[in-house]
Structures are given as structure tokens and as C-alpha cells.
Amino acid sequence: MENTAEVIIVGAGIHGSSLAFHLAERGVPPLVLEKTFLAAGATGRSSGLVRMYYDLEPEPRMAIASLPYFRNWPERVGGECGFTRTGFIQILPRRDELRLRANVEMCQRAGIFSLVVSAADVRRLAPVFRVDDFDHAAYEPESGYADPPAAAKAFMDSARQRGARLVQDCRVTGIRVHGSRVMGVETTRGEFSAPVVVNAAGPWAPEIGRMVGLELPIKTLRHDVALFRRPPALGPVHPVVIDEPYLQYFRPETGRLMLVGLDDVNTLGESPDGPTEYVKPNYIGQAVERICRRVPVMDEGSLHSSYCGYEGNTADVRAILDQAGPDGFYLDCGFSGMGFKIAPAVGKCMSELILDGQARTVDLTPWRWDRFTPQRLAELLASKDAYENIWH
Ligand SMILES: Cc1cc2nc3c(=O)[nH]c(=O)nc-3n(C[C@H](O)[C@H](O)[C@H](O)COP(=O)(O)OP(=O)(O)OC[C@H]3O[C@@H](n4cnc5c(N)ncnc54)[C@H](O)[C@@H]3O)c2cc1C
């Protein structure tokens, strides 16, 4: 196996794969090193919501720059990403109505087709939903959900067709640095050389950061998910929903299923190598209670399965997209539970940062690394119209 490359990417999740695709498209096919297999980390467990609605201005820009990929995946990337356009509804408690309007306006300024709709409109969009506990919601007709492992595979397949290489079962154990410059990596399959190394290791990113002396402010967040069988009364499809009053989100899933995640029972600080087959003991009961409150016909549903995933969360719950540490070392990590939907544009921006010295597609300044240094903590990303929980 050839052991040199112009760029080495550590991690073959959606972000390593998207970056590999965009670098290969620019004629710089990278070497991707993955300790287990493609999409084995957060990407393989992701709920795949593709929505534009955020409460902080830079993020809708990244989301809207990603939407054309999802809508035209076979032409833009090749293969399939499973994008299903269902529309997206964000339900908020009455006390958050001003924030709802402010955030919809902010999304509209970013060019997103986003509207404030009434509870009666929501009822028309989804006749089986209960709508008596809110007056208005945000609605995005263009949004929906996709299949994260399929998207990662499609990105990687297209990258490989353009000369990128993926080595699986290959754990990076050290970063080689000479003077102030990155030289390559040490792995369980020997040494590989490159003047550029990108940390796209998801919740394992702190481990890779420590290899060059960087303490990344990333903690592992565990997130449980349940799948329920859909009763026929629910029909085959309905919009994807983030339901803030009940701190849950839900969407249709292939195979007549409903995917439900809860926002307030995630735990911080676990090992990213923990089991993924189990949810916490009381999770299913809580998910059943909350989904039946919003969608009463789910009383006739039944549990199909459940699992959990691990994600890397930063101190301000926003990603780090920057050069940091020795020359040639880049951070593409810390996606804090929201990284799938923005992966296409992030990969493009990171390829521009690496090859041109600056991203043009979306300005990466808000995601810079030095916002976490003690002198600049006041610059941590924070929205004036933030909600308590916005994750997925
Ligand atoms: C349960 C769950 C639901 C989610 N739902 C949504 C959602 O609805 N919408 C949304 O936008 N986002 C969602 N997210 C977040 C999103 O899935 C993540 O932000 C995204 O998948 C992160 O991708 P990644 O490539 O950065 O990391 P990962 O997918 O974790 O990839 C990192 C890879 O690095 C590899 N690696 C680690 N260490 C090494 C090493 N030493 N050497 C080599 N390889 C290494 C790992 O094996 C892994 O494959 C969800 C996350 C979870 C866990």
C-alpha cells in the first residue's frame, strides 16, 4: 500500500467522507484512515434530520448551502443519500413565540424558505397531531430527512472513483510532527506521510487532538433513539417535527416506523466506546408517553427497537472548523449533535480552507478554534434567541 498522500483524514464518518469527496473533486484525492469501518461512529446512529431552522445566524447559512446536495444527490455526488422531503415543523411553547418569529426572520434573511404557521395550519399538514398547546410553529416545506450511512458511503464512493483511498481497521495512534509541521501519522498498520492531517474523528477527536498537544473542549454526549411501528391511522408520511414542549423530535422511518428521540435525557461525559445496543432503562416509557401526547394515534403503535449513539459536544455546542496546533493540522469536529445536515457544505468549506487558505462557500470565522482560549471565551457562539434544547 502506498504510504504517502497530500492529505490524511482521520475518521470516515460523514465529515471525513464529505471532505474526501470535495478534496478529490478538486484533484487532491486524500487518504482516509478509519479505525473500524465507514460510518461506524455517530454517523451510523444519526437520526438524519435535514432542516434549516437554527437559532444562530451562521448555521442556517451552512444548512442552506448543504440543501442542494440533498435535493440533487445523484447528480451532485453520485449514488443515493435517501433524502425524503417531508417538510419540517418546529413546535414551540407559547412563551417562545417572539423567539420563533425572530428565528424564522433570521432564516428568511439567510435565504431559507421558512414560515410562521398557525396551529390550525399544522393540523392541516398533519391531521393526527395534537395542536392545542401552541399557537404558532415554524414550517420549512423543503426539509425532511436522509440516510446518514448511505450519504457517507456515496461521498466516499465518489471520492474513491476520483483517486481517494480508504483504509479501514486502521487506528491512528500518533501524529508525526517535525519542527512546527505535521509530517504524517502512526497507525496500527504502519506509518503514513502527508503534510496535512485532518481530525475528523467525531467523539474521539480529543484523543487525536492530544497527539499534537491540543486539549479540545469536546465531551462525549450519549443520545438514545427509539423506533416504533406506526399504526395505519397515522398514514405513511408526515413532516419531521422538533417538538420543544415535549422535548422530543420524531420523523417517519422506512418500514412503516416512527423514529423518536428525546432532548433532555442525553448524558455528557461517557466513553464514545460504550455500548450502542441499549437505551437507558426508563427511556422507552418516556418516549411512549411523549409521542402519544403529540400524536395520540401512536397509542396503537408498538416498540420496534432502540439504540444509542455518541457524539462530540463542544463547550458552546457548535463545531470547530479551523487550522490549529502544528502547521498542516486541521480540526473538522465537535458537531454537537447537529453535524449531519451541514456535512456537504462543511466538507466543501474545509477543502477550500486546506487548498486555498480560506473558505469561500461559507465564512468559517464563527467556528474558529481560538474562541475557546481563556482570553476569548466571551466570543463563544451564543444566540440571543436560543432555546433550551436544540439538538439533531
Ligand atoms: C443518535 C444521534 C442522532 C443524531 N441525529 C442527527 C440529526 O438528526 N441531524 C443532524 O444533523 N445530526 C444528527 N446527529 C449528529 C450527527 O450524526 C453527527 O454530527 C455526525 O454524524 C458526526 O460525523 P463525524 O464524521 O464528525 O463523526 P463520526 O461519524 O463519529 O465519525 C468519526 C470516525 O472517526 C473514526 N475514528 C475515531 N478515532 C479514530 C482513530 N484513532 N483512527 C482512525 N479512525 C478513528 C471513528 O471510528 C468514526 O468512524 C446525531 C448524532 C447521534 C449520535
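This structure is a prediction, so every number in the text was calculated from the model and none was measured. Remember, it's 1-based here, ligands and their atoms both numbered in the order they're listed. What's counted below: heavy atoms across the whole structure, side chains too, no hydrogens, waters or symmetry copies.
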Ligand 1 versus [X]: contacting region, heavy-atom distance under 4.0 Å:
| X | value |
| --- | --- |
| Val10 | side chain |
| Cys170 | backbone |
| Lys35 | both |

Is there a polar contact between ligand 1 and [X], counting only N or O atoms under 3.5 Å apart?
| X | result |
| --- | --- |
| Arg171 | no |
| Glu311 | yes |
| Tyr249 | no |
| Leu49 | yes |
| Ala39 | no |
| Trp204 | no |
| Pro203 | no |
| Ser47 | yes |
| Lys341 | yes |
| Ile208 | no |

Please identify which atoms of ligand 1 are closer than 4.0 Å to at least one heavy atom of [X].
| X | result |
| --- | --- |
| Gly309 | 53 (C) |
| Leu33 | 43 (C), 44 (N) |
| Ala201 | 32 (C), 34 (O), 37 (C), 38 (N) |
| Thr36 | 47 (O) |

[X] side chain to [Y] backbone, donor-acceptor under 3.5 Å:
| X | Y | value |
| --- | --- | --- |
| Arg290 | Tyr246 | yes |
| Ser66 | Met62 | yes |
| Asn199 | Ala201 | yes |

Contact check, [X] vs ligand 1, heavy-atom distance below 4.0 Å:
| X | answer |
| --- | --- |
| Pro148 | no |
| Cys333 | no |
| Cys308 | no |

Is a donor from one side chain sitting under 3.5 angstrom from an acceptor on the other, for [X] and [Y]?
| X | Y | result |
| --- | --- | --- |
| Glu311 | His223 | no |
| Tyr249 | Ser47 | yes |
| Thr36 | Glu34 | yes |
| Thr361 | Glu352 | yes |

For this session: Look at the rings of Phe250 and Phe129 and say which category their plane angle falls in: under 30° parallel, 30 to 60° tilted, over 60° perpendicular.
Result: perpendicular
Exercise. So is Arg51 actually on top of Tyr54's ring, under 6.0 Å and inside 45° of the axis?
Worked result: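 Yes; both conditions hold, so Arg51 lies above the ring face of Tyr54.
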Problem set entry | Heavy atoms of other groups near Arg130 CZ, more than 12 under 6.0 Å |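 Enclosed.
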For this session: Please assess Arg222 against Thr267 for the test side-chain hydrogen bond (donor to acceptor under 3.5 Å, both in side chains), listing each intermediate value before the final yes or no.
Result: CA-CA 5 Å; Arg222 175 195 158 129; Thr267 43; 4.7 Å; no
For this session: Assess whether ring-ring contact (aromatic ring centres under 6.0 Å, His included) is satisfied between Tyr283 and Tyr278, documenting all intermediate values.
Result: CA-CA 10 Å; Tyr283 183 83; Tyr278 316 107; over 10 Å; no
Exercise. Out of Asp264, Asp263, Asp243, which one pairs with Gln248 under the side chain to side chain donor-acceptor pair (under 3.5 Å) rule?
Worked result: Asp243
Exercise. Which of the listed options, Pro272, Ser46, Gly312, holds the heavy atom that is closest to atom 50 (C) of ligand 1?
Worked result: Ser46
